[in-house]
Each structure stands twice: as C-alpha cells, then as structure tokens.
Protein chains: 2
Amino acid sequence: MKPENIKVACSNCNLRELCMPVGLAPGELQRLDDLVATRRKIKRRETLFRNGEPFTSLYAIRTGVFKTRVTSEDGRDQVTGFQMAGEIIGLDGIVNDQHTCDAVALEDSEVCVMPFERIEELSREVTALQRHVHQIMSREIVREHGVMLLLGSMRAEERLAAFLLNLVQRLHARGFSRSELVLRMTREEIGSYLGLKLETVSRTMSKFAADGMVEVEQRNVRILDPEALRRIVNPPGC
Amino acid sequence: MKPENIKVACSNCNLRELCMPVGLAPGELQRLDDLVATRRKIKRRETLFRNGEPFTSLYAIRTGVFKTRVTSEDGRDQVTGFQMAGEIIGLDGIVNDQHTCDAVALEDSEVCVMPFERIEELSREVTALQRHVHQIMSREIVREHGVMLLLGSMRAEERLAAFLLNLVQRLHARGFSRSELVLRMTREEIGSYLGLKLETVSRTMSKFAADGMVEVEQRNVRILDPEALRRIVNPPGC
DNA sequence: CGCGGTGTTGAAAATTGTCAATAATTGTGG
DNA sequence: CCACAATTATTGACAATTTTCAACACCGCG
C-alpha cells in the first residue's frame, strides 16, 4: 500500500472552514498548502495508524469516517470517538512521539497528511495557525469531557439519545439531512463508545422506535422527534 | 479575595521537572520566568475558575490538589480529574475563550498564573516551549482516553483499583510513600470521577480491606498488596 | 457537646449484562 | 448471478452488578 503522492491545496479545499477555519491573510493561506505533504486513501477496515506506531503527522479527514479506539493491556477496547470530514486525528501521538490508539476507517476514506514538524514550524510564524492548533487540541479535550459526563452519569437511553443527536448535528453541519442518517458503525462499535453492550444498544434503539421517536431500519435511522430525544438527554425536571 | 502579587521564578522552582520539563538553554530558562505573571492562593472549596468565566491563563499547581468537574444542562456533574502539584489546568478554556469546567481546590492550594497570550508569544520563539505546550495538551487527551476506557469497560472493583494505583503512583512520583496515601476527596467525589455512587465506592473499598489488599481508615489508605490490585485491573486470563 | 458533613452497611429495586436462538444482511467464491 | 458462509442485528429469559433508600456510626469543629 504505497501512499499516493498527490500534491494538494488547502487554499481551495472546500473543507477549509471545518478543518482550518482561521482568518488568514492571502499570503498566509498559501503557506498553509505546505502543511499537507500528501493525501492518503484508506480502505474500509484498514488503519490509518495503530497504537505503538511512531507519530509523525496529524491527519485531516477529507472524506469518510473513522473510529479511534484504545486497548487496555488485557485486551479490552474502547472506542474513543467517531471522526468525520474536516476533523483532525492523531493528536494522541504528540506526547510520546508514538500513537496510543488505533484509527480505523469505517468506510473508504481519504486524509490529508500533515507532518507535525511542519505544523510546528509554520505555527511559529503564522500566529493564526498557532492559535488554531491550540484550539483543535482544546476542543478535543472539551469533547472528551462531554464523553466522560455521558459515560459517568447517564443511563443507556440518555447515552444513545445523546449519541444520535450529536451525530445528526455533525452530519447536518456538513450539509446532510437534519433528520436522516446512515450509521457507519456497528451496534457493537456504538456500544463500545457508549460503554454499553451491543444488545443494550439494539434494545434501546428498538425502544426509541416503538415510542415513535425514530425510525430504524438497520443502519438507516430517521429522527422523527428530535425534541423527545432531547428531553431524554436532559430530563424534564430542570 | 484579591490575588497576591508575588513575582516568582520558574528557573529555580523545584517543580520544574514536573511542570516544565523542557531542555532549555540557560538564557531560555530565564525567559520562562516571564510566563508566570503571579501566584494565586486558593482556599479549600474555593474555585480557581468556573464554567463560563473568560479564559485568560493556564495554571500550574504549586501546592495542593484540585478537582475539575463539568456540569450538564440538567445539573448532573462529573468530576473529570484530580490534579496535583506540577500539573497544568485550564486547557479546556482555549477553544472558546471561556472555561467549560470548574476547578475546585480540595485543600488550600497555590498556583502559578500563566497568561495564555504570553505562553503563545514565548512559544513562537522558544521551540522547546512550543513542543512542551503541545505535549501537555496531548498528554491530557491521552489521559482522558484512559478514563474513557475505565468508565466504558471496567467494573466497580476495577475502576477503584485503577484509581488507587494511579493516585499512589502520582504521589510517589512527587516523593510521597509508595504505599500510603491520604485521599483529599470524598467518597462522593471519587464516585463521580469513576462513574459510581458513593455507596458503591465505600462498599468496594471495604471489600478491598476485607480481602487484605488495603487498609482503610477514613481517608487514610495503605496499599498492602499492590500486585493484587493490579490483578484486579488487569484480570489474569491474558 | 451537639451538629452537619461524611462514611458504612443492609435489603430491595432497577438497570444492564450474559447467554442463546433466530433473522437479516453482506461479502465471497463458484 | 446465485448460493453459502460470515457478520451483524434483534429479541427473550435469566443473572449479575449497581443503585436506591434507609438506618446508623463516626469525625471534626464551633
């Protein structure tokens, strides 16, 4: 699998607002193009990087969806997130110069490879980029706080409702429907992310369907009553 | 409570290895002193910052212990971490220029206030500092992955065992005993962090004591059999 | 010395997990 | 293109874990 060597340009990427939403002077914008060394295509089920591999680059997702997962010493694993177009993965590798999780493509995907050395170099000169890198990392920390809240204090229904709402919101921000979504991950992967067994995910999904809140047909989900889902996440008495 | 205006120096701080372990040229080391604008003392139960407050600075803990917690819209809260000397808090505020969690002192504490603008400025010039800031943020992301694994896939005993081992390990790195520790947090706070009710924490602690793995006397804990605790975290069959 | 916050323990209830059977879907190779 | 195997999803019955509710003990502090 040799990575393909296609030169690309951030300056006219249509994901710019998602991936590098910095207010840049025209000259600076062109310098950003230097960040992306290559693009790389990852087939479904293949990994972009794996736990233990040396860290060299951050990756901006151009197309497709990934999951990231950590594995404990005794082999249990935990999905730590699902990432889609415009999102940045690989931040875990910075601290020890090697990755501490796996990034697996859930469908055929393509990423921009941004060598971290180059990012650091350029962000010393382009203040807006420096700020942006800090924001991306901080955003990830805040996102994970939210996951900890979900895992630590929510019940199965609340977790799944929050998950569906989050997913459809992010898809909508990318131009997809506000109410229909196609799950790119299995029930087991959803369960791993939410700290539930796949059977619990399946049952809870069925319950939502029985209550008329969603329509579920395998991986196709239609949100019929988003308000009801929101009420589940944030119970009424408050 | 006006913050006290004491000028301080990183260059001769005995926490340097914990808080700013960068290999710096002598000249650069002195410039680091400019990072710390002031120190600030926080009394037990008081907050260093709160959700919603404008973000201005990162804080390096000099003495004491903090907890950070997030609160959901409906008022549930989740402890996201316990931080001690040498650790950096406030990273959550970078992304939206305001804090998204509370930092509460669990005992009388003191922090170094490092205005983030100054950090960004200086890390444009001092490469080692830039790298270090990135590492601190990445380390926090990796730590949170571990918490997600704990919350998502471990049972009560495993969570508490992992918690105790982590705590005593960090204390030992700071020169305290390898086996004795004083919990600065309540059972409820431990429970919130571990996604358990306080009764479950108490019961599990009692069980560990009954099994001879620890000696518990209120907040004083002595680890009698660290290997047994490790076996609980990482079950044998692997 | 008593009070409020904290911690422990028991019994019952609720939630989620486990195991198992079956169905539906997808991928693969003939 | 079809058929078969493998994966994924659903559902039921039961078990395990954790929570809830309640009572009581302990501790530190005014």
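Sequence lines set the chain letters: A, B, ... in the order given, protein chains first and strands last, and positions in each chain run from 1.
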Exercise. In whole angstrom, what separates Lys207(B)'s NZ from dG10(C)'s P?
Worked result: 14 Å
Exercise. With no hydrogens and no angle check, do the side chains of Asn166(B) and Arg170(B) hold a donor and an acceptor under 3.5 Å apart?
Worked result: yes
For this session: Please report, rounded to the nearest Å, how far the P atom of dA24(C) is from the CE atom of Met205(A).
Result: 18 Å
Problem set entry | Closest to the Ser202(A) side chain, choosing from dT19(D), dT15(C), dT11(D) | dT11(D)
Exercise. Hey, does Leu196(A) reach any base, or is it just sugar-phosphate, or nothing, if we go heavy atoms under 4.0 Å?
Worked result: sugar-phosphate
For this session: Remember a base hit wins even if backbone is also touched, and classify Arg159(A) as base, sugar-phosphate or nothing at under 4.0 Å, heavy atoms.
Result: nothing
Exercise. Quick one: Glu189(B) CD to dT6(C) P, roughly how many Å, whole number?
Worked result: 8 Å
Exercise. Which nucleotide in the list dT18(C), dT10(D), dT8(C) gets nearest to the side chain of Arg187(B)?
Worked result: dT8(C)
Exercise. Across the strands shown, which category fits Glu199(A) at heavy-atom distances under 4.0 angstrom: base, sugar-phosphate, nothing?
Worked result: base
Problem set entry | No-hydrogen, no-angle side-chain donor-acceptor test under 3.5 Å, Glu144(B) and His145(A) | yes
Exercise. In whole angstroms, how far is the C1' atom of dT26(C) from the CG atom of Asn220(A)?
Worked result: 14 Å
Exercise. Think Arg44(A) has a side-chain N or O under 4.0 angstrom from the OP1 or OP2 of dT7(D)?
Worked result: no
Exercise. Quick one: is dT10(D) close enough that its OP1 or OP2 comes under 4.0 Å of any side-chain N or O from Ser206(A)?
Worked result: no
Seminar exercise, completed: From CE of Met185(A) across to P of dA9(D) the rounded distance in Å is 11 Å
Exercise. Given atom CD of Glu157(B) and atom P of dT17(D), what is their separation to the nearest angstrom?
Worked result: 9 Å
Exercise. Can you find a donor-acceptor N/O pair under 3.5 angstrom joining the side chain of Arg203(A) to the base of dG12(D)?
Worked result: yes
For this session: Please determine if Glu46(B) and Lys43(B) form a salt bridge, counting it only when a charged side-chain N lies under 4.0 Å from a carboxylate O.
Result: no
Seminar exercise, completed: Here the distance between atom C1' of dT10(D) and atom CD of Glu217(A), to the nearest Å, is 14 Å
Exercise. With sugar-phosphate meaning primed atoms plus P, OP1 and OP2, does Arg219(B) contact a base, only sugar-phosphate, or nothing at under 4.0 Å between heavy atoms?
Worked result: sugar-phosphate
Exercise. Would you call Arg222(B)-Glu180(B) a salt bridge at under 4.0 Å N-O?
Worked result: yes
Exercise. Does Thr200(B) put a side-chain nitrogen or oxygen below 4.0 Å from OP1 or OP2 of dT19(D)?
Worked result: yes
For this session: Whole angstrom is fine here: how far is it from CE in Met154(A) over to P in dT16(C)?
Result: 13 Å
For this session: Give Gly191(B) one of three labels, base, sugar-phosphate or nothing, depending on what nucleic acid heavy atoms sit under 4.0 Å from its own.
Result: nothing
Problem set entry | Side-chain ion pair, Arg40(B) and Glu110(B), N-O less than 4.0 Å | no
